[in-house]
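These values consider heavy atoms only, across backbone and side chains, with no hydrogens, waters or symmetry-generated copies. Numbered from 1 within each chain, the chains take letters A, B, ... in sequence-line order.
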There are 2 protein chains.
Amino acid sequence: MTQSEENYLKAIYHLTTITDTDVSTNAIAETMETKASSVTDMIKKLAEKDLVNYKKYQGVSLTVKGSLAAKMIVRKHRLWEVFLVEKLDFSWDEVHDVAEQLEHIKSEKLINKLADFLGNPTEDPHGDPIPDANGDVQKVEKQLLSELNIGQNGICVGVKDTSSEFLKYLDKQKISLGSQIEFLEREEFDLSLKIKVDHTILSISNKIASNIFMKLN
Amino acid sequence: MTQSEENYLKAIYHLTTITDTDVSTNAIAETMETKASSVTDMIKKLAEKDLVNYKKYQGVSLTVKGSLAAKMIVRKHRLWEVFLVEKLDFSWDEVHDVAEQLEHIKSEKLINKLADFLGNPTEDPHGDPIPDANGDVQKVEKQLLSELNIGQNGICVGVKDTSSEFLKYLDKQKISLGSQIEFLEREEFDLSLKIKVDHTILSISNKIASNIFMKLN
DNA sequence: AAATATATTTAGACTACACTAAAAATAAGT
DNA sequence: ACTTATTTTTAGTGTAGTCTAAATATATTT
């Protein structure tokens, strides 16, 4: 399997997990920053290898085989992210590009030994689940901070947007995985939220709040 | 720089360090298991980028720029080997293929943080020197076990052949980096050597002995 | 339901890298 | 020195992956 094929599988996998329907050619092209015609070409190749189900003009879905392959790539990506943050002291906004490369290293032994070395973590530094060696993904129940009711509180268990800009903003506000957060008040004018993080009170926009995953206490 | 370009640079670098002259097209083709015509193509590309000096039919040598690039690749390869052996518990015969992939990961930050994490080692698991971040390589003085005089002793500081078969043989004989070895006797009939390793006496062929690097006490 | 807009696929071209076969240059043998 | 052998380069081809532009299918609007 080439790196390019792996990248397509991963993109299809991610799109599938958020929309839960067949994935369109254009959607793939957009997330991969490539052209629809290139996507069509690659889809045919993946279909040929029985990694995706494809009927012309109808979008694609992953086969069992393709889904497993995709999960193995995600597993590698997220394990490497843990390594970078926990062992090499990267911050959570710096890991993506490097993990994007490391995920393509081919060695079963390597990835399983790496998992052991890291203590078989089940989540990456952004709170996303790490598929195990069989491809099983543990679902974490979580909800967006923006969807809590006033007075509810819990801990931050993940982020939806993992862009460097957003993560740096969170660092600045001292919000990280595990932060205790209480939803105090909603400002109706701009929908911003007043929250208490650990022991400080601050105001965040609704956009920010809708990119933070919480687990209620 | 593509992976292919990196692989060519590395091959030229290695050939240069052993022969210390301009490198022939055929020599490159052989070590890279490819065809001479492919080598010619790539050499032109590398020359274009000012990574090698090239005059038709005259062989190639690395420019300063090319040499530095090659040393950075070697640095990455060997640091990853240390990581695999020291942290992930690979044996020294298993690391090569994986390091061959890892050496192409592009991130200054990653490799320098990795070096720190490993304690800035100066040698890889086979005793080969690891270039530092500036490309400086510390030369280790060493000589082949096969070239010692009877009665001399020292410690094993490296191997010339790093093939899996050879390394497994050494494991079986309990010879590793740091082993105390004394050259006891030469069998004139087949040139085999009687040696004492740590505390056991054994006989090894001249071929074996000519692939073990020693540092005299 | 026809017309228009959008999404998708096809056709053809381009780059990187490899290959085979043939040509040209260098090296070796008598 | 000249013939032969070897090495190296060139010329032409193939595959993977990308692109643009044109064609075709599906969706949307009136």
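For B:Thr34, counting side-chain heavy atoms from C-beta on, the closest listed nucleotide (D:dC19, C:dC19, D:dT8) is C:dC19. Residue A:Met42 places its side chain closer to D:dT18 than to any other of D:dT9, C:dT9, D:dT18. Looking at the side chain of A:Thr25, the nearest of the listed nucleotides D:dC19, C:dC19, C:dT9 is C:dT9. Set against C:dT8, D:dT10, D:dA21, the side chain of B:Lys56 has D:dT10 as its closest nucleotide. For B:Tyr57, whose side chain is taken as the heavy atoms from C-beta onward, the closest listed nucleotide among D:dT18, C:dC19, C:dA24 is C:dA24.
Looking at A:Lys10 and A:Glu103, a side-chain N of the basic residue comes within less than 4.0 Å of a carboxylate O on the acidic one, giving a salt bridge. A salt bridge is absent between A:Glu108 and A:Lys76; no separation between the charged side-chain nitrogens and carboxylate oxygens falls under 4.0 Å. A salt bridge does not link B:Lys215 to B:Glu141: none of the charged nitrogens lies less than 4.0 Å from a carboxylate oxygen.
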| request: Step by step, work out the salt bridge (Lys or Arg N to Asp or Glu O under 4.0 Å) result for A:Glu100 and B:Lys106. | output: CA-CA 11 Å; A:Glu100 201 85 336; B:Lys106 280 157 192 60; over 6 Å; no
| Criterion salt bridge (Lys or Arg N to Asp or Glu O under 4.0 Å) on B:Glu5 and B:Lys49, from CA distance to verdict | CA-CA 11 Å; B:Glu5 288 172 332; B:Lys49 294 189 177 188; 2.8 Å; yes
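For B:Ser37 against C:dT20, a side-chain-to-base donor-acceptor contact under 3.5 Å is present.
Regarding A:Tyr8, its OH atom lies at a distance of 14 Å from the P atom of D:dA16, rounded to whole Å. For B:Ile43 and D:dT7, the CD1 to P distance is 15 Å, given to the nearest whole Å. What separates CD of A:Glu5 from C1' of D:dT15 is a distance of 13 Å, to the nearest Å. Spacing between atom CD of A:Gln3 and atom P of D:dT15 amounts to 22 Å, rounded to whole angstrom units. Between B:Lys55 atom NZ and D:dT8 atom C1' the separation is 16 Å, expressed in whole Å. When the C1' atom of C:dT8 is taken as reference, atom CG of A:Asp22 falls 15 Å away, rounded to whole Å. Rounded to whole angstrom, the span from the CG atom of A:Asn7 across to the C1' atom of D:dT18 amounts to 14 Å. When the C1' atom of D:dG12 is taken as reference, atom CG of B:Asp41 falls 12 Å away, rounded to whole Å.
Toward the 5' end of DNA chain D, the nearer of the two residues A:Thr2 and A:Gln58, judged by each one's closest nucleotide, is A:Thr2.
Contacts of A:Lys44 with the nucleic acid, taken as non-hydrogen atoms under 4.0 Å apart, involve only primed sugar atoms and P, OP1 or OP2. Heavy atoms of A:Ser4 sit under 4.0 angstrom from primed sugar atoms or phosphate atoms, though from no base atom.
Taking only side-chain nitrogens and oxygens, B:Ser38 comes nearer than 4.0 Å to OP1 or OP2 of C:dC19. Contact between the side-chain N/O atoms of A:Lys35 and the OP1/OP2 oxygens of D:dT20 is found at a separation under 4.0 Å. OP1 or OP2 of D:dT6 has not a single side-chain nitrogen or oxygen of B:Asn26 nearer than 4.0 Å. For A:Tyr54 and C:dT9, the shortest distance from a side-chain N or O to OP1 or OP2 is below 4.0 Å.
When B:Leu84, B:Val159, B:Asp124 are each tested for a side chain to side chain contact (heavy atoms under 4.5 Å, CB included) with B:Trp92, only one passes: B:Val159.
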